[in-house]
Amino acid sequence: MFPTANESWKPVKRHLISFLLISLASAVTTEAAAQQFSISDKCYLPGIYSSNRCSVRYGWSSNTSNAKLCLWDGNNLSTCEGYTNHGGSFDWIDAQGKTLEFRRHAVWPTQDPAWPNAAVVRRKGTLLYSKYVSGVTSAVPLGSCTATLSPGQSVKTAVLAASVNAVICLNPGLYLDSGIELKTGQVLRGTDTQNRPVIRNVSGRASRTIVMSQPGATVRDLIVEGQPRNRSQYGILVYATSGSRIYNVDSNYAIIGIGVNAGTDIDIRESKVSYAGDGRACSGCAQPSIWITDSSNVRVVNVHMLNNGIGPEGDGELSCYNTPDLLVQGSSVTKSGAGGMYIVNCDRAILAGNVISEAQEWGLDIVNTGYTSGSDYGLFLRNNISGSRHGGVVLKNTIHAAFRENTYTNNRVGPNASGRCNGVNKRGTTTGFSQFGDNANRGSVSCND
């Protein structure tokens with residue numbers, strides 16, 4: 001059963017991620033059995049600092065205090081630490097691929113008599129854990145048209161009649177349709193990337209314009225819209241599937257612009273979501289621009305969300321629930337009626353290079369509502385958060401969160417502003433919190449709230 005629209009969805013080296021897939025080969029010694037190691041198992045190119053390099057989060061727990069634990073990148077020494085618990089760092093990964101290793105050393109490697117022969121020193125260390133990382137750019141299928149439609153023809157009928165892996169193309173113009181359910185591998189696209197065709201949903205609130213519930217389907221180069229006074233339930237719904245791609249798509253006037261429920265390896269890029277929700281503020285009924293739940297490995301890259309600023313608890317946030325390995329990069333949320341981005345139990349999330357402005361609640365709302373913990377081992381890098389009614393960030397019951405080079409400007413602007421500082425407001429258990437290079441135009445970059 002599909003979800004309904006009224007469901008409650010509610011140093012090392014300092015660099016970022018973006019588009020690559022990590023294959024795993026791990027080795028764990030008896031010594032490491034009582035310890036836990038974390039190296040993010042997803043990394044994507046292009047990265048925010050470099051088009052051919054991204055970064056991978058790493059950390060550990062239950063290390064013997066002051067024991068010398070080192071991260072090696074081949075024969076390159078990345079870092080050595082003696083912390084019992086450490087989760088605030090990340091390291092470069094090249095497109096060519098690398099193996100990252102945790103090794104225990106009797107002395108600090110640079111004090112070993114064999115140094116600077118790094119290869120010899122590395123081999124002296126006891127291998128505790130390793131993971132191989134290889135770079136892969138996420139591809140968006142185009143394909144030659146197997147059927148081409150013109151305005152006035154039924155998109156739904158054409159998709160239903162087409163075979164799996166077919167490419168259904170739409171010439172520029174207006175198409176009145178809804179309930180379009182793509183088959184495995186099908187591509188639904190416009191023929192003109194600039195003058196994109198418009199699919200307008202005239203069925204109203206109970207309907208979905210496009211449903212992607214079969215593997216490997218793609219929607220690209222389209223405008224999907226509801227009616228301002230009779231909005232569709234979803235512009236696009238990705239449900240219980242994998243490999244979906246959404247590229248260069250505008251979704252306007254839907255209760256939820258784009259929804260991802262029980263999806264894996266989902267890519268949303270170069271797109272816009274405008275005026276999601278019903279345009280009202282009401283307790284407990286915030287309706288997101290992008291809603292991601294019970295999924296994994298979802299990437300939102302260069303996606304811009306524009307709303308009407310009616311709040312608090314209004315419309316337009318990006319919401320993530322119970323979804324590890326979320327990437328939100330180079331995107332923006334403007335005038336959200338609720339928080340800018342609401343992140344709940346989404347471990348190993350990376351939010352980088354985003355702009356959040358004029359949110360009617362928190363800029364980043366990172367909490368554990370309904371779950372034991374928040375979004376642990378997250379990296380929050382080079383985000384710009386301004387004009388939020390509350391503080392720039394609330395971080396609650398979330399461990400090993402790394403904040404790097406973020407900017408907080410004129411947050412806590414009220415009325416009834418919450419939070420003690422302009423930057424990160426920490427609540428509950430925030431063990432392993434780290435912050436480097438953050439700045440605020442006034443007040444503190446972090447505080448215990």
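This structure is a prediction, so every number in the text was calculated from the model and none was measured.
- Side-chain contact check for Ser331 and Gln329: no donor-acceptor pair (N or O, by modelled atom type) lies under 3.5 Å.
- Under the salt bridge (Lys or Arg N to Asp or Glu O under 4.0 Å) criterion, the residue pairs touching residues 419-444 are Arg420-Asp449, Arg427-Asp449, with sequence neighbours excluded.
- Atoms CD1 and CD1, on Ile199 and Ile223 in that order, are 10.5 Å from each other to the nearest 0.5 Å.
- Under the 30°/60° scheme for interplanar angles, the aromatic rings of Tyr129 and Phe102 are found to be tilted.
- When the salt bridge (charged side-chain N to carboxylate O under 4.0 Å, His left out) test is applied to Arg200, the partners found at least two apart in sequence or on another chain are Glu225.
- Listed for the Thr218 side chain is no donor-acceptor partner under 3.5 Å among the backbone atoms of Val187.
- Among all heavy-atom pairs drawn from Tyr247 and Ser271, the shortest one is C-OG, 3.8 Å.
- Interatomic distance, Asn397 CG to Ser375 OG, rounded to the nearest 0.5 Å: 11.0 Å.
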Original post:
Checking side chain to side chain donor-acceptor pair (under 3.5 Å) for the pair Asp177/Asn201: CA distance, chi angles, key distance, verdict?
Top reply: CA-CA 5 Å; Asp177 225 328; Asn201 187 325; over 6 Å; no
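- In plain terms, the two heavy atoms of Tyr275 and Arg231 that are nearest each other are O-NH1, 2.9 Å.
- Just one residue in the list Val159, Ile210, Val211 forms a side chain to side chain contact (heavy atoms under 4.5 Å, CB included) with Glu181, and that residue is Val211.
- With values rounded to the nearest 0.5 angstrom, Leu142 atom CG is found 4.0 Å from Arg189 atom CZ.
- Ser332 OG to Asn383 CG: the interatomic distance, rounded to the nearest 0.5 Å, is 11.5 Å.
- Between the side chain of Asn425 and the main chain of Val393, a donor-acceptor pair closer than 3.5 Å is present.
- Rounding to the nearest 0.5 Å gives a distance of 10.0 Å between CG of Asp365 and OG of Ser388.
- Here Arg196 pairs with Asp250 in a salt bridge; the nearest charged N to carboxylate O distance falls below 4.0 Å.
- Residues in residues 374-401 take part in these salt bridge (Lys or Arg N to Asp or Glu O under 4.0 Å) pairs, two or more places apart or across chains: Arg382-Glu405.
- Distance CE/Met212 to OH/Tyr234: 15.0 Å, rounded to 0.5 Å.
- Each of Ile266, Ile290, Asp265 was evaluated against Val298; a single residue qualifies, Ile266, per the side chain to side chain contact (heavy atoms under 4.5 Å, CB included) test.
- When each of Val224, Leu188, Val303 is paired with Val249, the side chain to side chain contact (heavy atoms under 4.5 Å, CB included) condition holds for Val224 and for no other.
- Scanning all heavy atoms of the two residues, the minimum distance from Lys183 to Ala217 falls at O-CB, 3.9 Å.
- Taking the six-membered ring wherever Trp is involved, the centroid distance between the rings of Phe436 and Phe403 does not fall below 6.0 Å.
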